[in-house]
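Positions are given from 1 along the sequence. Values in this document were obtained by computation on a predicted structure and should not be read as measured data. First listed ligand is number 1; within each ligand, the first listed atom is number 1.
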Amino acid sequence: MAKVKTTFFCQNCGTQYAKWLGQCTACKEWNTIVEEIVQKEEKSSWKNETSPAKRTSKPLLVNEIDTTQEVRLDTKDAEFNRVLGGGIVPGSLTLLGGEPGIGKSTLLLQISLKLPYKTLYVSGEESQKQIKMRAERIQPESKQCYILTETKTQNIFKQITAIEPDIVIIDSIQTLHTDYIESSAGSISQIRECTTELIKFAKETATPVILIGHITKDGHIAGPKILEHMVDTVLQFEGDRNHIYRILRSLKNRFGSTSELGIYEMQGSGLREVTNPSEILISKNDEELSGTAIAATLEGMRPLMIEIQALVSTAVYGTPQRSTTGYNAKRLNMLLAVLEKRAGFRLGAKDVFLNITGGISVDDPAIDLAVVAAILSSNEDIAIEKRICFAAEVGLAGEIRPVNRVDQRISEAEKLGFEMIFVSKHNKISLKNTGIQIKLVGKIEDVVSELFG
Ligand SMILES: [Zn+2]
C-alpha cells in the first residue's frame, strides 16, 4: 500500500506548507490553509506507451529550425483566433476563466462544434443529453465533436487513447479528479495533479487542451493561482450578466500578445462574433441627448468607438456623489478638478455619474476628452452633435495631449461616418485627404468654445 502523506495548501494562492498556519505568508489571507491528503506515487494517469507520439523531440541546430510556418489550428472563430494570437498552438494548454453563468461552456461548445478537427469535449458538469440539447440550438450539423461526461482523468485518458482527438476541451478543471490523489475534486492538490497530467499529455502528443476554470467572487480563478502559472495561455471571459455583450481577453499568452480583445453578443442560439464592435457600442437613437460623447479608443490593435454618458445634477444630500462604471473614479475626480480650475465650471456641489455603455471598462487615456465633453454637455444641457467624436488625453493644466496611433483612430471614425474628430494639436497626423474634419485643439477652453460657443 502506498504511503499516505498529507500536506497543507493555501486555498487562495496554492502555496504549499509542511504544517498548518493561521495566515498564508505568501498571499496574507487568513484561515485559507487546509490539510489535504496526498498519496504520493511516482505515477501519472497519462501513459504514452499505448498511443504513438505525434511528435518526438530531438535536438536541432539553430539554423536547421524551421520558423517559416508556425502551425496553428484555426478555430473558425475570428474573435477567438485573434485573442489567442492567430489560432491554437499544438500541444498548448489554455485556461478559460470567468464567473459562473457568464457563458464559458457555451463559447467552448460552440467552438468545438465549429472546429474542422476531431474534438473531444469532456464535461463534468452536464450530462451528454443536456449538452446535445444545447448543441442542437447552436450548430446541429457538427460531425467531428465527441461529448464525454466524465470526471476521472484515468477514464478520460482511456477515451482519448481510443478516439485520438486533435483537440481536447475540459469543462471544468474544478470537477476533475485523479486516483493518485486522495483529496476531493476542486481542491488545490487535485487541480494541480490533474493539470500536470493534462500538460504531460498535451506536450507528448502535441494535442492542444483547453480548460474551463471558474472564477471566485474576488476575480481569481477558483482555488489556485498556481494553475495560471502552469498553463501556456490564460483567457478571461467577462461582461455584465445583464448586458448582452461578452468580452474575451488574454491575461497571459506564451505565444502572442495579451492586448487583443474579442467581443461576442449573447443570443438565444449562442454567442455571435461581433466583427464591428464600434457599431454596437454606440446607441442608435436619432434624438440628440445632452450628456453623451463618443470616444475613439483602441483595444489591443483594434480601434473602437465607444459612447460615454454623463449625468451632472445638483447634489440633494449635502455631499456630492461621484460614481463611475467602466472608468477610473480617481481619473474622473481629476478631470472635474481641471474643469473647475481651468475652465471655471462650478462642479464641486454637483453629483456626477459617468457610464461607458456596453458594460466594458476602458483604461485608454485617449477617452479623457470625450469624458470631459460628456460632463460639460450634461452640465450645460446642450447636446453634442452625433457626427462629432474625440480622441485626446487631458492634462492637469487643462492642456489637450496627443495620443498614440491617432491615424488609426481617425480612420475608424471616418469609416463609421463621423464628420469631425477633436484631437490634440500636438499630434502628428500623417493621414492625407481624409473625408473627416480634424479639429486640432490645444486647451480645454478651445474645446468648450467650439462645442458650446
Ligand atoms: Zn495564500
Heavy atoms only: give me the nearest Leu354-Val371 pair and the separation to one decimal. CD2-CG1, 3.8 Å

Count up the protein N, O or S atoms sitting under 2.8 Å from the Zn ion (ligand 1), would you? 4

Could you tell me whether Asp171 and Lys104 make a salt bridge, using a distance below 4.0 angstrom between a side-chain N and a carboxylate O? no

Please determine if Arg405 and Glu412 form a salt bridge, counting it only when a charged side-chain N lies under 4.0 Å from a carboxylate O. no

Taking Glu36 for the side chain and Ser183 for the main chain, is one N or O donor matched with an acceptor at less than 3.5 Å? no

Is Tyr117 reaching over with its side chain to a backbone N or O of Asp74, donor-acceptor style, under 3.5 angstrom?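 Pair found, side chain donor or acceptor close to backbone of Asp74.
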
Hey, can you tell me if Phe237 and Tyr264 have their rings parallel, tilted or perpendicular (30° and 60° cut-offs)?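 Perpendicular.
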
